[in-house]
Amino acid sequence: MRTWFIAFLSLLLIGTLAALGGFVWLLRYYGDQLPDHQKLAEYKPPIVSRVYAGDGRLMAEFAAEKRVFVPIALIPPRVKQAFVSAEDQNFYTHPGIDAMGLARAMVQNLGYYLSGRRLIGASTITQQVTRSFLLSNERTMDRKIKEMILSIRIEQALTKDQILELYLNEIYLGSIGGQGAYGVAAAALTYFNKPLDQLTIGEAAYLAALPKAPSNYNPFTQNDRARARRDYVIERMREDGFITAEEAATAKQEALKVQRRDADETVKADYFAEEVRRELVARYGEEGAYRGGLTVRASLDPRLQEIADRVFRNGLVRYDRRHGWRGPVDKAVPVNDWEKTLLARSLPGGAGDWQLGLVLKVSDTAADIGVRVSKSETKQGKIPLSELAWARPVLPEQKVGAPPKKVSDVLTVGDLILVEPVTTAADGKTKYPADTYGLRQIPDVSGGLVAMDPHTGRVLALVGGLSFDQSQFNRATQAKRQPGSSFKPFVYMAAFEDGYTPASIVLDAPFVMDDGSGKKWRPENYTEKFYGPSSLRLGIEQSRNLMTIRLASAIGMEKVVDIAARFGITDNLPPLLSMSLGAGESTPLKMAAAYAMIANGGKKVLPTVIDRVQDRYGQTIFKHDPRVCENCALDTYDGGMPPYPADNRPQVIDAATAYQMTSILEGVVQRGTGAAVGAALKRPLAGKTGTSNDSFDNWFVGYSPDLVVATYIGFDQPRTLGKTETGGGNMAPIFRDFMKEALDGVPPIPFRVPPGLRMVRVNRETGKLATPGDPKAIFEAFKPGTEPGANDNDDADPLLGDLPQGYSLTPVPGGEGGATDSAAPAPAPVAGDAPAPAPVPVPVPSSGNLGGIY
């Protein structure tokens, strides 16, 4: 027996030594292959970058993984306890591996294996951290050994709180509505729209139930299963002593209800948000924008953005309806089971709040339709013939045919269309019965709008097209279009710098020159008429092409090119006379910034969509306004003048010149091509219309003392908008409608007049000193020494020259200008717009009108 006992002990000793040797060898073998666990202490998890509007509401989130990092000290105990109870109840006592839990899992797995069920794991929170950060998820023995070794090492290098912080911020907790939630803070917002400290016991327990298999506990599709798993976690919390039996019972009675973020809590400004995203990527790269946890304060004013979206869309729809009906969304759709058919269809991009309709029956006076009013509801309605009056057939060159005489001229059974509920006919008097609808059509024209603070360059609203869902191309910042006559003020300001005044006289007469190819270039006014000697003021107010060309020729196009560069309108503008009529290219953003510099007295502004950027630690890493106010942080205030940052903006043009142009642009709004604005808004406003060659683009750029707006419309593949379509007819009403709402409640403020100017009463058309009782008298702004009577030769003007036979020296009003060779009459006034004065004809030279700027 003693011999056997000695042999047994010898074998036991040898076995133990062999096992220890093998264990040491395994540690060394796998330890040499393991990643550096020390880097976990410096780990910076990917965090969502958030963009906030000017009023503090959330506007957009950019993230590779939607995560909000929260330090462990700020995570409520209830949340930590729920996850410890659900995932690793011995977390605070084990060394990284839970031997008891592992043994328990092995016993359970034996039974699961025999019954064919899926085996369970026994990973601690530390092991899950190890797997997430340092290893892969492959299910191999090799990976499991490495995981156990690393877990022990991590427990020695980090505190329990540090490990739990990594876990609670890294863990993936499922997806709702396509938004994946990484970490407990993001999950609390995604599922319950709450910060962590407002979660109930039941809500915290539900989040702790998700790591096991988030897709198996979706509260929408598997609510009962999700509640059962939540209740299991609640019971574990009670067993671990984290909550009382009463608290557990109450928590189990809670309904598991997901609370989505309210639409009112977020700002919808897709084009603006995309512009912010582009700038963040340009500054910080994809890594910084999507994983850096940036906090971005955008310059957006949500109220102005809502107004801009609405009035711009309305303007596009007004234009589109004038140019006829292009047909239904789809044709020959079966109507037998129309409810099911409509519910299966989705709205096309750009439909907005309109609804899908299906034509079920057609008579001469009405169409019976089925309407999809929501994703799960339909109803029936009617479209009367009166709501189809606009739907004329489309003809080439934006022309239209005759109005429909019966409904079948427009619609047939099986047409899938867009409709909108209507209560009143177009005349504003006829009341429709309930369930009456109007036919709608998504415009195929588009454009852009920018609203900006002229003093800072902060973009307050931005519209990049009809709908971001339809097209993500931002026409406000990316579309390079011809600004037409909205460029003319910069030609005239170059002349003011060269010694001209608003009262200087320029001849409005035929202009012919060789274009260098042996052909004659004969630009013309929009009205195809010539008006003789006219003041520069009148040339802008009535948008005279020939005056502008003659003026640019006199001062030299190099000066025009220089001023266009100073104002940031366009780079490398060719020094060709046609460029003086706006034949170059620019964007609404650049035009808004250029007009902002006129409005603010000639100070340089840089347009921006971002006010400030903070990193994940709250440190400011970018400010649009880098100035420091030296005395703004005083402990006490002595009651004197308040401190303010120094104005160090460069002066791009003399303040007097800028005001002279502002004064003239006020005249454009009051009595010129922008009269649609002045007739409706009795307040100081300035602006300029623009119509490019062949009416490819229509513009209006204008401003109040503290708000500038640039807007245009045109086809993405440029073609004519129609011979009679102008900036005054299309864009001035959009500017008018925007300003009416944007400035509602704001007291009218006059434009600021810089010191040193001489205000002289003159006739606005002749530029001469006004006589008593002159109905055309205005106060004109002159730089000292340039006012009428300041020298003995103020009547002379090098541009006047000899008048062609038959011309009168009395200037007469004209029509909309722009770089155009249209041979059309002036457009009919838009409803609500003040009609332009009728042009008085003067004799046309025998050479005739042969073409425009091209």
Side-chain angles (χ1 to χ4, degrees), residues 454-455 488-506 533-542 544 547 551 563 595-603 651-675 677-678 681-688 702-708 747-797 799 811 813:
H455 308 292
K488 289 177 181 175
F490 303 95
V491 179
Y492 283 67
M493 285 192 293
F496 295 160
E497 287 188 324
D498 206 43
Y500 290 84
T501 75
S504 295
I505 299 299
V506 176
S534 305
S535 67
L536 293 194
R537 169 179 283 277
L538 197 63
I540 288 285
E541 288 185 358
Q542 300 300 328
R544 303 278 178 74
M547 290 178 63
L551 185 63
I563 205 167
Y595 272 69
M597 295 179 225
I598 305 175
N600 70 25
K603 295 284 190 178
Q651 195 81 33
V652 298
I653 201 167
D654 180 71
T657 299
Y659 179 76
Q660 285 178 314
M661 183 49 60
T662 289
S663 177
I664 293 174
L665 294 177
E666 275 194 277
V668 172
V669 169
Q670 292 167 358
R671 53 189 167 266
T673 58
V677 177
L681 305 179
K682 308 297 184 181
R683 63 187 307 139
L685 292 170
K688 183 70 188 75
Y703 52 92
S704 70
D706 298 308
L707 181 63
V708 61
I749 301 171
F751 287 103
R752 302 162 181 88
V753 182
L757 281 173
R758 305 280 178 87
M759 306 302 292
V760 180
R761 193 168 178 269
V762 301
N763 181 291
R764 68 173 185 268
E765 295 181 350
T766 67
K768 304 293 185 181
L769 291 171
T771 58
D774 186 347
K776 297 180 180 179
I778 62 168
F779 280 98
E780 191 68 88
F782 293 92
K783 298 172 185 176
T786 66
E787 66 272 20
N791 60 70
D792 295 330
N793 195 31
D794 63 285
D795 288 337
D797 196 303
L799 297 186

Task: Shortest non-hydrogen separation from L757 to A781 and the atoms involved - done: CD1-CB, 4.2 Å
Task: Selection residues 748-775 - residue pairs positive for ring-ring contact (aromatic ring centres under 6.0 Å, His included), sequence neighbours left out - done: Y703-F751
Open item on the list: Within the 4.5 Å heavy-atom criterion, are R544 and V506 side-chain neighbours or not?
Closed with: no
TODO: List the atom of P454, the atom of V708, and the distance in Å for their closest heavy-atom pair.
DONE: CD-N, 4.1 Å
Task: Min side-chain heavy-atom separation F496-P502 under 4.5 Å - done: yes
- [ ] Specify the closest pair of heavy atoms between A655 and P754, including all atoms of both residues, with the distance to one decimal.
- [x] O-CG, 3.6 Å
- [ ] Could you tell me which residues satisfy side chain to side chain contact (heavy atoms under 4.5 Å, CB included) with D654, sequence neighbours excluded, listed by chain and number?
- [x] A656, T657, K783
TODO: Starting at CD1 of I540, measure out to NZ of K488 and round the result to the nearest 0.5 Å.
DONE: 7.0 Å
Task: Interatomic distance, L707 atom CG to I749 atom CD1 [nearest 0.5 angstrom] - done: 11.0 Å
Open item on the list: Within this structure, what is the CD1-OH distance for the pair I664 and Y659, rounded to the nearest 0.5 Å?
Closed with: 10.5 Å
Task: Side-chain touch Q660/Y500, heavy atoms, less than 4.5 angstrom - done: no
TODO: Answer whether the closest heavy-atom distance between the side chains of Q651 and K603 falls below 4.5 Å.
DONE: yes
Open item on the list: Using side-chain heavy atoms (C-beta onward) and a distance below 4.5 Å, is L769 in contact with V760?
Closed with: yes
TODO: Could you tell me whether the side chain of R752 reaches within less than 4.5 Å of the side chain of N600, counting heavy atoms only?
DONE: no
TODO: Only counting residues at least two apart or in another chain, list the ones meeting salt bridge (charged side-chain N to carboxylate O under 4.0 Å, His left out) with R761.
DONE: none
Open item on the list: Nearest 0.5 angstrom please: E541 CD to S535 OG, how far?
Closed with: 7.0 Å
TODO: Could you tell me which residues satisfy side chain to side chain contact (heavy atoms under 4.5 Å, CB included) with Q670, sequence neighbours excluded, listed by chain and number?
DONE: E666
Task: Heavy-atom check, side chain of M547 versus side chain of L551, under 4.5 Å - done: no
Open item on the list: Once side chain to side chain contact (heavy atoms under 4.5 Å, CB included) is applied, do any residues pair with A658, and if so which ones, sequence neighbours excluded?
Closed with: I653
Open item on the list: Using the side chain to side chain contact (heavy atoms under 4.5 Å, CB included) criterion, which residues pair with D774? Sequence neighbours excluded.
Closed with: N763, A770, T771, K776, A777
TODO: Locate the shortest heavy-atom distance separating P684 from P705; write the atom from each residue and the value.
DONE: O-CD, 3.9 Å
- [ ] With sequence neighbours excluded, tell me which residues meet side-chain hydrogen bond (donor to acceptor under 3.5 Å, both in side chains) with E780.
- [x] R537
Open item on the list: Run the ring-ring contact (aromatic ring centres under 6.0 Å, His included) test against Y595 and tell me which residues pass, sequence neighbours left out.
Closed with: F490
Task: Spatial distance of atom CD (E787) from atom CZ (R758) [nearest 0.5 Å] - done: 5.0 Å
- [ ] Taking all heavy atoms of L536 and all of T501, pick out the closest pair and write down the distance.
- [x] CD1-O, 3.3 Å
TODO: Could you pull out all residues at least two apart from D498 that satisfy side-chain hydrogen bond (donor to acceptor under 3.5 Å, both in side chains)?
DONE: K559
